[in-house]
Amino acid sequence: MEVINAELRQWCHELPKVELHAHLNGSIRDSTLLELVKNHGDNGVLISKDVEQMILEKGTSLRKCFELFAVYHVLATDHETVKRITKEAVEDFAADNCIYLELRTTPKKNEAKGMTKRSYMDAVIDGLKEVNTVDVDLYGCELTNKKNGDRRRKKIFVRLLLSINRSEATSSAIGTVNLAMEMKDMGVVGIDLSGDPTVGQWDTILPALEHARKLGLPVTLHCGEVRNSKEIQAMLDFNPQRLGHVCLLAEEDWERLKSLMIPVEICLTSNIMTQTIPLIEYHHFADLYKSKHPLSLCTDDTGLFSTTLSNEYYKAAVSFGLGKEEMFKLAQEAVNFVFANEDVKKHLAQNYEEAKARIL
Ligand code: 6MZ
């Protein structure tokens, strides 16, 4: 049985953290989901009792995760709900002492609700404006939500990534890149490729990713959640700014990843819960960390996997024997991989300098 080190857990909570891989719909609170199920009722599309059961059982395989996401999208794809889940996600990350959040989401059309990809994103921005437990910096250095000029209030930098789903057609993926460009002054800083890794073809999406690169938008790719050497090699050829997961790489691809020094977003709980990695002891974090490969601990889907960023740090500490100084450095170095500008990086670096005296 695992012995919980309460002092270390609390320290991981207090550590200022940078989150680089968090999906909006994967970060919905269970309580909100259950409320949405109740309000939705049985209408022939979803049966409440079955859905409640699915939500509480969580994503215990990749297949189950994508079944759940299909349900979440039915429940949460209207403007009011998008606004609400965004507000709640940011408040939850801030309460966990996350000082920079790169929140990613797939802009969705929902004709029945009069939703376009742009209006979906506007609802996300509206949600950020409603956050009231913390000051949110979205566009630049001035705060969007400063309440009563209170300088002691906590502050979180939030930047957005627009996700392209792997099942999208080329034209739709290019549309998402153009939307990201249109919203560059509204906190959008890059593009993510995600979705069910057993679906879609790299060649369909590549033109959109090349388009993003031409426009100067940084790109991060979900890579190696299933064994697909051809695609993994194509992703390494593309040489994006960051990669997520990198679980199932063949030896030569692994060596190439390391020589390219592409920063990796590590999602420990997610990889274990989806059974992509059988046991934490076998997780590739250990090898990357030992090789001083650039990496950052991330949550992936806090709601779906019942985790927090503090919990990911705690897990890394107890599973791989990292001390507090090493954990602090790990958190601090993530600042180097954010897609936000140098100004934000400077602010974050300063936050770490201040925190050093307090918690080390
Ligand atoms: C791949 C994932 C993912 O965009 O609707 N997503 N894609 N692998 C994962 N690991 C488990 N976790 C989340 O957030 C939910 C969407 O993010 C992607 C999937 O496309 C999922 O539908 P948004 O806010």
Side-chain angles (χ1 to χ4, degrees), residues 2-23 26-27 89-104 134 154-158 220 242-247 263-274 276-277 279-338 345 348-349 351-360:
E2 192 198 346
V3 179
I4 302 216
N5 179 339
E7 190 273 328
L8 182 59
R9 248 195 195 288
Q10 179 59 24
W11 187 86
C12 291
H13 174 75
E14 278 164 26
L15 175 70
K17 292 167 289 287
V18 164
E19 171 65 84
L20 299 181
H21 187 135
H23 298 270
S27 306
V90 172
E91 291 186 345
D92 291 347
F93 275 101
D96 192 36
N97 287 322
C98 182
I99 56 171
Y100 176 91
L101 166 65
E102 238 167 61
L103 188 62
R104 54 185 78 186
V134 59
K154 265 199 207 175
K155 170 175 166 182
I156 185 168
F157 288 87
V158 180
T220 177
R242 295 199 312 248
L243 285 170
H245 297 293
V246 297
C247 299
V264 174
E265 302 150 4
I266 294 276
C267 307
L268 296 171
T269 301
S270 162
N271 297 157
I272 301 300
M273 275 191 71
T274 56
T276 313
I277 304 286
L279 280 173
I280 192 121
E281 290 83 338
Y282 303 147
H283 199 283
H284 46 290
F285 169 87
D287 184 13
L288 290 178
Y289 184 76
K290 208 169 80 203
S291 327
K292 300 196 182 334
H293 190 90
L295 56 83
S296 160
L297 293 177
C298 306
T299 54
D300 204 10
D301 299 291
T302 51
L304 185 59
F305 301 125
S306 299
T307 191
T308 59
L309 194 49
S310 300
N311 185 48
E312 297 303 301
Y313 275 84
Y314 178 76
K315 215 166 232 186
V318 296
S319 309
F320 305 106
L322 269 55
K324 287 181 183 169
E325 279 193 23
E326 292 167 306
M327 303 283 282
F328 189 90
K329 199 156 168 255
L330 191 59
Q332 189 175 30
E333 282 180 357
V335 174
N336 299 326
F337 319 130
V338 307
K345 287 187 187 180
L348 297 173
N351 270 316
Y352 278 101
E353 280 315 311
E354 286 161 15
K356 207 177 230 167
R358 203 173 59 243
I359 66 165
L360 266 193

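- For the pair V338 and F157, the minimum side-chain heavy-atom distance is 4.5 Å or more.
- Within the 4.5 Å cutoff, no side-chain heavy atoms of L295 are placed close to those of F337.
- For the ring-ring contact (aromatic ring centres under 6.0 Å, His included) test, no residue two or more places apart in sequence or in another chain qualifies with Y282.
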(request) Would you sort out whether V90 and I156 count as a side chain to side chain contact (heavy atoms under 4.5 Å, CB included), showing the intermediate values? (result) CA-CA 8 Å; V90 172; I156 185 168; 4.0 Å; yes
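- In this structure a side-chain-to-backbone donor-acceptor pair under 3.5 Å is missing from D301 to G303.
- Here the straight-line distance linking atom CG of L297 with atom SG of C267 works out to 9.0 Å at 0.5 Å rounding.
- The side-chain heavy atoms of R104 and T220, taken from C-beta on, include a pair separated by under 4.5 Å.
- Formation of a donor-acceptor pair under 3.5 Å by the H284 side chain with backbone atoms of H245 is found in this model.
- Counting heavy atoms from C-beta on, the side chains of S310 and R9 never come closer than 4.5 Å.
- For E19, there are no salt bridge (Lys or Arg N to Asp or Glu O under 4.0 Å) partners, not counting sequence neighbours.
- With hydrogens and angles disregarded, a donor-acceptor distance shorter than 3.5 Å links the side chain of E312 to the backbone of T269.
- Between atom SG of residue C247 and atom CG of residue N271 there is a gap of 3.5 Å, rounded to the nearest 0.5 Å.
- Partners of N336 under the side chain to side chain contact (heavy atoms under 4.5 Å, CB included) rule, at least two apart in sequence or in another chain, are E333.
- N97 places a side-chain N or O within donor-acceptor distance of the main-chain N or O of H13, the cut-off being under 3.5 Å.
- No side-chain donor-acceptor contact under 3.5 Å links Q10 to the backbone of E7.
- Put simply, CG on N311 and OG1 on T299 are 10.0 Å apart, with the number rounded to the nearest 0.5 Å.
- Taking S306 as the reference, K58 meet the side chain to side chain contact (heavy atoms under 4.5 Å, CB included) condition, with sequence neighbours excluded.
- Applying the side chain to side chain contact (heavy atoms under 4.5 Å, CB included) rule to I280 yields the partners L268, I272, K315, S319, F320; only residues at least two apart in sequence or on another chain are considered.
- Annotation: side chain of E265 is not in contact with side chain of D300 (no heavy-atom distance under 4.5 Å).
- Counting only distance, with no hydrogens or angles, the side chain of R242 and the backbone of L20 share a donor-acceptor pair below 3.5 Å.
- Dense packing is recorded around NZ of K324, with more than 12 heavy atoms of other residues, nucleotides or ligands lying under 6.0 Å away.
- Interatomic distance, CZ of F328 versus OH of Y313, reported as 10.5 Å (0.5 Å rounding).
- Between L322 and F285 the shortest side-chain heavy-atom distance falls below 4.5 Å.
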Can I get a per-line list of side-chain donor-acceptor pairs under 3.5 Å for residues 351-360, giving both atom names and the distance, sequence neighbours left out?
unit_1: N351; atom_1: ND2; unit_2: H347; atom_2: O; d: 3.4
unit_1: Y352; atom_1: OH; unit_2: P16; atom_2: O; d: 2.6
unit_1: Y352; atom_1: OH; unit_2: A331; atom_2: O; d: 3.4

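- Atom OH of Y289 is separated from atom CD of E326 by 4.0 Å, given to the nearest 0.5 angstrom.
- When atom types are taken as modelled, the side chain of K17 and the backbone of C12 share a donor-acceptor pair closer than 3.5 angstrom.
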